[in-house]
2 protein chains.
Amino acid sequence: MQSLTTRQQEILDLIRRFITETGYPPTRADINRALGFRSPNAAESHLRALERKGALQLTPGSSRGIRLLDEEPVTESHQGLPIIGQVAAGSPILAEEHVRGHCHAAADMFSPRADYLLAVRGMSMRDAGILDGDLLAVHRTREARNGQIVVARLQDEVTVKRFRRDGHRVWLQAENPEFRTLELDLRRDPLDIEGLGVGLIRNGTPL
Amino acid sequence: MQSLTTRQQEILDLIRRFITETGYPPTRADINRALGFRSPNAAESHLRALERKGALQLTPGSSRGIRLLDEEPVTESHQGLPIIGQVAAGSPILAEEHVRGHCHAAADMFSPRADYLLAVRGMSMRDAGILDGDLLAVHRTREARNGQIVVARLQDEVTVKRFRRDGHRVWLQAENPEFRTLELDLRRDPLDIEGLGVGLIRNGTPL
DNA sequence: ATAGACAGTGTTTTTTTGTACAGCAATAGT
DNA sequence: ACTATTGCTGTACAAAAAAACACTGTCTAT
């Protein structure tokens with residue numbers, strides 16, 4: 001949609017208001033009355049301009065034949081949170097090819113806000129109640145404090161672990177005695193914190 | 001809103017469809033065309049009847065002056081799923097006093113559909129990844145099959161357990177070796193299945 | 001039995017609307 | 001300088017739409 005002039009935006013807003021108030025779109029005369037125009041052509045030419053710019057669609061010959069073409073830009077809040085599946089080495093976590101779908105969940109159901117849902121593989125966080133297949137709600141941030149559950153990227157893989165740090169040493173602890181804790185040295189080992197686990201969504205019940 | 005006849009419901013549905021398709025309400029003629037009436041009065045009298053019954057509101061003298069008065073009864077899908085906290089003995093689980101809030105989550109995020117969220121207390125289902133404070137998405141049903149996680153009511157309390165049944169014997173298994181399995185005999189012990197666990201929402205991470 | 005809702009056909013009249021045409025002034029781009 | 005776009009006034013007319021009036025039936029509660 002091309003950019004609108006202030007007057008055109010004003011008219012578009014009026015139409016929107018009119019529809020929510022009355023339940024049907026305004027006629028040219030309604031628009032004129034509302035804005036104080038004296039010629040039926042005033043509204044008409046504005047509508048034509050708005051149609052040219054793709055803001056609305058007119059149905060010729062039809063009374064009140066105005067349809068708003070809002071199609072609000074598709075953001076998370078509209079198609080839901082992206083669900084991230086297997087993350088390939090080296091590519092950003094939110095890359096298109098990792099998005100396995102969308103979940104119509106409120107991002108602000110969690111606090112801090114969730115930015116995406118990561119499908120967890122494996123049972124390494126079992127004792128923290130995070131099972132294989134669960135969707136971990138992740139808040140994007142690079143800051144992590146001791147004891148928090150983080151989404152970390154180390155050279156080739158993206159993993160969910162409990163974070164602990166002391167100076168340049170970092171421990172990524174699994175919550176399952178069958179898995180061992182990773183010990184890293186920030187001076188040699190690459191480590192990126194991709195985000196913080198802020199919640200969990202499970203679909204169905206485990207066996 | 002009074003109850004509508006089949007014909008009236010049909011017309012109401014048509015109007016709804018027309019609006020979503022075109023962006024504006026139909027004229028009497030549009031309705032006649034769609035339903036094959038030959039007299040403009042057919043649509044008119046139906047509209048009058050629908051207005052009398054409170055299904056819609058007509059604006060006299062205005063073309064397409066039809067406004068639907070849906071005000072769909074406030075259902076889960078609008079204010080979100082109810083979150084059920086402590087359930088008192090003997091009262092229905094969805095009673096007002098148990099509702100601790102609402103969660104703006106899509107009920108159909110889970111399958112089968114979730115009807116409410118039950119705040120889980122205690123760690124008896126720990127090894128199924130259900131921790132204290134988690135919200136269990138529950139689908140209301142009285143049917144349960146072996147191995148499913150159920151919300152069960154036995155005399156005084158409501159509890160979440162894994163269900164197993166053989167004839168008139170029912171076992172409610174905790175998923176934590178520190179808790180013991182309840183064994184019931186349907187011939188003496190009262191047992192109501194309130195619903196099935198179909199998912200889980202956790203807010204924040206466990207320590 | 002009888003009044004009232006339901007479900008229509010048909011005709012006519014009056015508004016309500018859309019739309020084309022003729023201008024005018026200011027502004028912005030090429 | 002010239003052309004297009006914006007942003008209007010004003011007139012006129014035809015099509016679209018609402019609405020009133022007159023009738024015919026079938027049900028269904030009272």
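Naming: A, B, ... by sequence-line order, numbering from 1 per chain. Computed from a predicted structure; not experimentally measured.
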**Item:** Rounded interatomic separation in angstrom, taking CD from A/Glu10 and P from D/dT6
**Value:** 16 Å
**Request:** Output the single nucleotide from C/dG10, C/dG18, C/dT17 whose closest atom is nearest the side chain of A/Arg64.
**Result:** C/dT17
**Asked** Closer than 4.0 Å, any side-chain N/O of A/Ser45 to the OP1 or OP2 of D/dT6?
**Response** no
**Request:** Counting heavy atoms from C-beta on, name the nucleotide in D/dA20, C/dA7, D/dC8 closest to the side chain of B/Arg48.
**Result:** D/dA20
**Request:** Output every pair passing salt bridge (charged side-chain N to carboxylate O under 4.0 Å, His left out) with a member in residues 17-31 of chain A, not counting sequence neighbours, ordered by first then second residue.
**Result:** A/Arg28-A/Glu44, A/Asp30-A/Arg33, A/Asp30-A/Arg64
**Message:** In whole Å, I'd like the distance from the CD1 atom of A/Ile31 to the C1' atom of D/dC8.
**Reply:** 14 Å
**Request:** Write down the distance between CG (B/Asn32) and P (D/dA16), rounded to a whole number of angstrom.
**Result:** 15 Å
**Request:** For the side chain of B/Gln8, starting at C-beta, report the closest nucleotide among C/dA20, D/dA19, C/dA7.
**Result:** C/dA7
**Message:** By the definition salt bridge (Lys or Arg N to Asp or Glu O under 4.0 Å), identify the one residue from B/Arg153, B/Arg142, B/Arg140 that meets it with B/Asp192.
**Reply:** B/Arg142
**Request:** Mind calculating the distance between OH (B/Tyr24) and P (C/dT17) to the nearest angstrom?
**Result:** 15 Å
**Item:** Proximal nucleotide (of D/dC8, D/dA19, C/dA7) relative to the B/Glu44 side chain
**Value:** D/dA19
**Asked** Taking CD from A/Gln9 and C1' from D/dG7, how many angstroms apart are they, rounded to a whole number?
**Response** 17 Å
**Prompt:** So which nucleotide from D/dT6, D/dA17, C/dA7 ends up closest to the side chain of A/Lys53?
**Reply:** D/dT6
**Request:** Would you mind telling me which residue lines up with the more 5' stretch of DNA chain D, A/Arg38 or B/Pro60, judged by nearest nucleotide?
**Result:** A/Arg38
**Asked** Quick check: are there more than 12 heavy atoms from other residues, nucleotides or ligands sitting under 6.0 Å from CZ of A/Arg16?
**Response** yes
**Prompt:** Whole-Å distance between C/dT27 P and A/Arg7 CZ?
**Reply:** 15 Å
**Request:** Whole angstrom is fine here: how far is it from CG in A/Asp30 over to P in D/dA17?
**Result:** 15 Å
**Request:** For A/Pro40, answer base if it contacts any base atom (sugar-phosphate contacts may also be present), sugar-phosphate if it contacts only those atoms, and nothing otherwise; contact means non-hydrogen atoms under 4.0 Å.
**Result:** base
**Request:** Report yes if at least one side-chain N or O of B/His46 is closer than 4.0 Å to OP1 or OP2 of C/dA7; otherwise report no.
**Result:** yes
**Request:** Have a look at A/Ala29 and say if it touches a base, only the backbone sugar-phosphate, or nothing, with a 4.0 Å heavy-atom cut-off.
**Result:** nothing
**Prompt:** Of the nucleotides C/dG10, D/dC8, C/dT19, which one has an atom closest to the side chain of B/Ser39?
**Reply:** C/dG10
**Asked** Choosing from D/dG10, D/dC21, D/dA17, which nucleotide comes nearest the side chain of A/Ser62?
**Response** D/dA17
**Request:** Using a strict 4.0 Å threshold on nitrogen-to-oxygen distance, state whether B/Arg113 and B/Asp115 make a salt bridge.
**Result:** yes
**Request:** Consider the side chain of A/Arg52, meaning its heavy atoms from C-beta on, and name the nucleotide among C/dC6, D/dC8, D/dT6 that approaches it most closely.
**Result:** D/dT6
**Asked** Hey, is the side chain of B/Ser63 poking within less than 4.0 Å of OP1 or OP2 on C/dT15, counting only N and O atoms?
**Response** no
**Request:** Provide the closest heavy-atom pair for B/Asp127 versus B/Asn176 in the form atom of the first, atom of the second, distance.
**Result:** OD2-CA, 3.9 Å
**Request:** Go through the steps to decide whether B/Glu175 and B/Arg126 satisfy the test salt bridge (Lys or Arg N to Asp or Glu O under 4.0 Å), and finish with yes or no.
**Result:** CA-CA 6 Å; B/Glu175 290 274 332; B/Arg126 187 195 64 193; over 6 Å; no
**Item:** D/dA18 OP1/OP2 closer than 4.0 Å to side-chain N/O of B/Arg28
**Value:** yes
**Asked** Do A/Asn41 side-chain and D/dT9 base share a donor-acceptor contact under 3.5 Å?
**Response** yes
**Prompt:** Rounded to whole angstrom units, what separation is found between the CD1 atom of B/Ile11 and the P atom of C/dC6?
**Reply:** 11 Å
